[in-house]
Protein chains: 2
Amino acid sequence: MPSPDPNTNSGPARDRFDALHQELRDRICLLDYAPGTRLSETVLAEEFGVSRTPMRRVLARLEAEGLLHSVQGVGTFVTDATIDELEQVYRLRMELAELSGRLAPMRPTPDQLDGFRQISNRAKALIDTPDPRAFARLIMDFFLALLALTDNAPLREISERLYFQTTRIWLTSLFDSVLDAQREYEIFNREVEDILVALEIGDMQAAAHIQRAHISMSFTRMQQGTS
Amino acid sequence: MPSPDPNTNSGPARDRFDALHQELRDRICLLDYAPGTRLSETVLAEEFGVSRTPMRRVLARLEAEGLLHSVQGVGTFVTDATIDELEQVYRLRMELAELSGRLAPMRPTPDQLDGFRQISNRAKALIDTPDPRAFARLIMDFFLALLALTDNAPLREISERLYFQTTRIWLTSLFDSVLDAQREYEIFNREVEDILVALEIGDMQAAAHIQRAHISMSFTRMQQGTS
DNA sequence: GCTCCTGTTGTTGTGTACATCGAGTGACGT
DNA sequence: ACGTCACTCGATGTACACAACAACAGGAGC
């Protein structure tokens, strides 16, 4: 019996799907495909060596997740968001962050704590050698690592989805120099340090509240830079 | 110019997709397709007079929403949920219900209030002439009407999605006589009345807290009936 | 010069045949 | 009698050809 998974959450076809899905999602969220970019099913299918059919399935999933939008005869576009839509999501994300610390918090394992320390080191390194794309990847890793400390699976999925929908828009402001990149690096480094302190003493609610505060402030800074 | 929608959220193909999507979602959530049921892409496609391709697109969306699960060589199945998974979602839904009243509440318009009174009347009628499927439809209409009072679009989508994922499982307990149907009708009637009182004086937070209490109690009753 | 119409082109949507996979069945060997 | 293996069958997954649709360019008409 080579399949140790009785629930059949894997399989050849599903693995291919997941690989394509994650790759395209990363490209969108790391701004390789900026908001408004038009994608072609054909060229994407050729790039990954599959036909349009499975590629369309992946694109349809990304559309369900709010990252793409297809219209017949025109094309499939990477979604954008107005400042008002963004504010709604950020308000919600703030509440969900607090929920993560209150509903089903899990104290980090030693391995997980090491992971956070590595993230902190990467953040410090970024201050000296700026790299926007590495920064995008880093804040994603940090968010996902924090999310892993929540035992509520639906809450994890929802928070993750909202993160992918909004942070790339926020990063756009950073890439376009609406926000000061160097300053953001330092702020993030401080955030990681502060949350790490809370995690090390096992105060998950404190960590959640710090995260909530930074979600709020990052949006406020973007608002002020835009106006 | 016959198209008054510049955002292109409609269109011939998209309309067909939405129609199929809503119809199948209703069948799943009204227990026409009970959890565990195996569906056939071919027969569904034939029933609606389309080919497998657009039908598969709809099924893929429902899979993304957690209502279906397809595995190659076996079939597509209506998802079920263990009591533990259900508890996680219910805990989350309780918090989101409170959020609806706190984050972006909108006082109901006179038309919306009339809608709630009609729902109340339907609930009263159901007590005398029981009808499980009509009850399923009624509580769905009530939930969606309450959701319409929240101005936060992402919160609406998320709450709706969690509702569709879980309430059908709860209804299963009702259909299988784990819960007393007559008693549930009366409890629901009371819930609608109580929330209506809060809505009429414009106290949205009170309405949200009543809803939260009923979400909690309905799950508790199911737990007690199952054990 | 401007408007409208029409053909062209490229896109996503649909239909259909085939590939791939897994469960069930039956014969075979032990 | 029981386990094993090969086969069959129906399911979902994939590839490709075509239809439907929208934007664009170019020219006729005013």
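Letters A, B, ... are given to chains in the order of the sequence lines, protein chains preceding strands, and every chain is numbered from 1.
In summary, B:R56 and B:E41 engage in a salt bridge, as defined by a charged side-chain N under 4.0 Å from a carboxylate O.
The nearest whole Å value for the distance from the CZ atom in B:R38 to the P atom in C:dA23 is 12 Å. Protein atom CZ of A:R14 is 13 Å distant from nucleotide atom C1' of C:dC21, rounded to whole Å. When the C1' atom of D:dT12 is taken as reference, atom CG of B:L68 falls 13 Å away, rounded to whole Å. For the pair B:R57 CZ and C:dT14 P, the interatomic distance rounds to 8 Å; values are reported in whole Å. Between the C1' atom of C:dG15 and the CD atom of B:E46 lies a distance of 13 Å, rounded to the nearest Å. Look at CZ on B:F48: it is 14 Å from P on C:dG15, rounded to the nearest Å. Put simply, CG on A:L39 is 18 Å from P on C:dG10, counting in whole angstrom units. Atom CZ of B:R61 and atom P of C:dG13 are 12 Å apart (whole Å).
Base engagement by B:R56 is indicated by at least one non-hydrogen atom pair under 4.0 Å involving a base atom. Within the nucleic acid shown, A:R52 comes within 4.0 Å of at least one base atom, counting heavy atoms only. When heavy atoms are screened at a 4.0 angstrom cut-off, B:L59 is found touching no nucleic acid atom at all. Counting any heavy atom pair closer than 4.0 Å across all strands shown, B:R16 reaches sugar-phosphate atoms only and no base atom.
Between the side chain of A:R156 and the backbone N or O of A:T150, at least one donor-acceptor pair lies under 3.5 Å. Side chain of B:D151 to backbone of B:M106: no donor-acceptor contact under 3.5 angstrom is found.
At a cut-off of 3.5 Å, with distance as the only test, a side-chain donor of B:T166 or B:R93 sits close to an acceptor on the other residue. Under 3.5 Å, the side chains of A:T79 and A:R168 contain a donor-acceptor pair of N or O atoms.
When distances are taken from the side chain of A:P54 to each of C:dG15, C:dG13, D:dT14, the shortest belongs to D:dT14. The side chain of B:Q72 has C:dC21 as its nearest neighbour among C:dA23, C:dC21, C:dG13.
Heavy-atom nearest nucleotides on DNA chain D were determined for A:G73 and for A:V50, and the one closer to the 5' end corresponds to A:V50. Between A:G49 and B:E41, the one whose closest nucleotide on DNA chain D sits nearer the 5' end is B:E41. Comparing A:G11 and B:P12 against DNA chain C, the residue whose closest nucleotide sits nearer the 5' end is B:P12.
OP1 or OP2 of D:dA15 lies within a sub-4.0 Å distance of a side-chain N or O belonging to A:S51.
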